[in-house]
Amino acid sequence: FEGTISPELTVDCASIPTQRPQDVNVSDNCTAETAIIISMLPEVIVPGSCANTYNIQRTWRAQDACGNFTTITQLIHVVDVTAPVLTAVPASVEVSCDNIPTIDVNSPYLVATDNCSGTITYSYTSTVVPGSTPNTYVNTLTWVATDVCGNVSLPMTQTITVTDEIAPV
């Protein structure tokens with residue numbers, strides 16, 4: 001075999017090359033190249049450390065008019081090293097101490113995209129800075145999105161400013 005089929009390559013899960021026999025160039029000492037049949041045997045998928053990291057084994061076969069054949073196995077390492085992109089978090093708000101919003105990792109306001117398939121999970125860390133009175137503070141939530149292979153997005157923040165402006169009754 002010779003041609004553009006690389007015997008081994010590493011690609012991101014969004015860049016897996018297509019199966020194209022026309023990308024394989026072969027030569028034979030007795031047969032015209034047009035009489036050589038190029039085919040690919042069924043792919044073998046070998047699972048890796050996560051859903052979007054695995055190996056694909058493609059075996060290409062070239063057979064001449066007399067039934068002589070040769071094969072070559074192409075090994076494609078598929079890896080997921082690209083983090084999701086976090087594009088939206090719940091809006092920052094200023095609320096009174098009796099109206100503090102619930103923090104929800106399943107909020108529809110959390111939006112992220114990923115180049116690979118699978119569920120994206122959301123998590124946050126909370127930093128609370130006390131205000132000037134006992135019932136006032138600023139809670140800064142730093143949100144991240146994580147894909148199925150553990151790649152973590154850049155963070156985005158949401159601020160919940162809590163005030164106590166209502167006099168006791």
Side-chain angles (χ1 to χ4, degrees), residues 3-20 22-24 40-60 72-169:
T4 58
I5 294 296
S6 173
E8 187 168 357
L9 57 121
T10 300
V11 297
D12 192 273
C13 56
S15 305
I16 299 171
T18 57
Q19 309 170 58
R20 295 172 31 125
Q22 64 267 30
D23 290 339
V24 179
M40 190 180 81
L41 302 175
E43 290 182 339
V44 176
I45 306 293
V46 179
S49 59
C50 70
N52 292 320
T53 297
Y54 53 93
N55 290 325
I56 301 172
Q57 295 173 354
R58 290 182 180 163
T59 300
W60 297 90
I72 187 170
T73 298
Q74 179 185 39
L75 182 60
I76 302 170
H77 304 283
V78 180
V79 295
D80 181 1
V81 295
T82 304
V85 176
L86 185 60
T87 57
V89 298
S92 293
V93 293
E94 187 171 322
V95 297
S96 62
C97 60
D98 63 341
N99 198 23
I100 300 170
T102 302
I103 300 169
D104 182 7
V105 296
N106 296 309
S107 168
Y109 299 107
L110 291 166
V111 179
T113 58
D114 195 32
N115 66 324
C116 298
S117 62
T119 302
I120 296 173
T121 57
Y122 302 95
S123 60
Y124 65 90
T125 56
S126 175
T127 305
V128 177
V129 177
S132 58
T133 60
N135 290 324
T136 62
Y137 59 90
V138 175
N139 185 3
T140 302
L141 303 174
T142 303
W143 290 95
V144 294
T146 305
D147 68 17
V148 295
C149 287
N151 298 308
V152 179
S153 71
L154 294 174
M156 287 184 76
T157 58
Q158 170 194 15
T159 303
I160 301 171
T161 303
V162 179
T163 60
D164 183 5
E165 297 175 349
I166 300 173
V169 179

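Basis for what follows: all heavy atoms, side chains included, without hydrogens, waters or symmetry-related copies.
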Specify the closest pair of heavy atoms between [X] and [Y], including all atoms of both residues, with the distance to one decimal.
X	Y	answer
T73	Q57	CG2-CB, 4.3 Å
N52	C13	O-CB, 4.2 Å
N139	I103	ND2-CD1, 4.1 Å
E94	T163	OE2-CG2, 3.9 Å

Quiz item: Could you go step by step and tell me if T140 and V129 meet the side-chain contact (heavy atoms from CB on, under 4.5 Å) rule?
Solution: CA-CA 8 Å; T140 302; V129 177; 6.0 Å; no
In Å, rounded to the nearest 0.5 Å, how long is the span from [atom1] of [X] to [atom2] of [Y]?
X	Y	atom1	atom2	value
R58	I45	CZ	CD1	8.0 Å
E165	D98	CD	CG	11.0 Å
I160	L141	CD1	CG	4.5 Å

Quiz item: Which pairs count as side-chain hydrogen bond (donor to acceptor under 3.5 Å, both in side chains) when at least one residue sits in residues 145-160, sequence neighbours excluded?
Solution: D80-N151, W143-Q158, D147-N151
Quiz prompt | Trace of the side-chain contact (heavy atoms from CB on, under 4.5 Å) decision for T121 with V105 | solution = CA-CA 8 Å; T121 57; V105 296; over 6 Å; no
Quiz item: Are side-chain heavy atoms of Y122 and L86 found at a separation under 4.5 Å?
Solution: yes
Quiz item: Less than 4.5 Å apart, any side-chain heavy atom of C97 and any of T136?
Solution: no
Quiz item: Hey, mind stepping through C50 and C149 against disulfide bond (SG atoms under 2.5 Å apart) and telling me if it holds?
Solution: CA-CA 5 Å; C50 70; C149 287; 1.8 Å; yes
Quiz prompt | Result of checking V144, V152, T142 against S123 for side chain to side chain contact (heavy atoms under 4.5 Å, CB included) | solution = V144
Practice problem: Sequence neighbours left out, what passes side chain to side chain contact (heavy atoms under 4.5 Å, CB included) with T87? Give chain and number order. | Solution: V85, V111
Practice problem: Could you give me the CA-CA distance, side-chain angles and deciding distance for T102 and D104, then say whether side chain to side chain donor-acceptor pair (under 3.5 Å) is met? | Solution: CA-CA 6 Å; T102 302; D104 182 7; over 6 Å; no
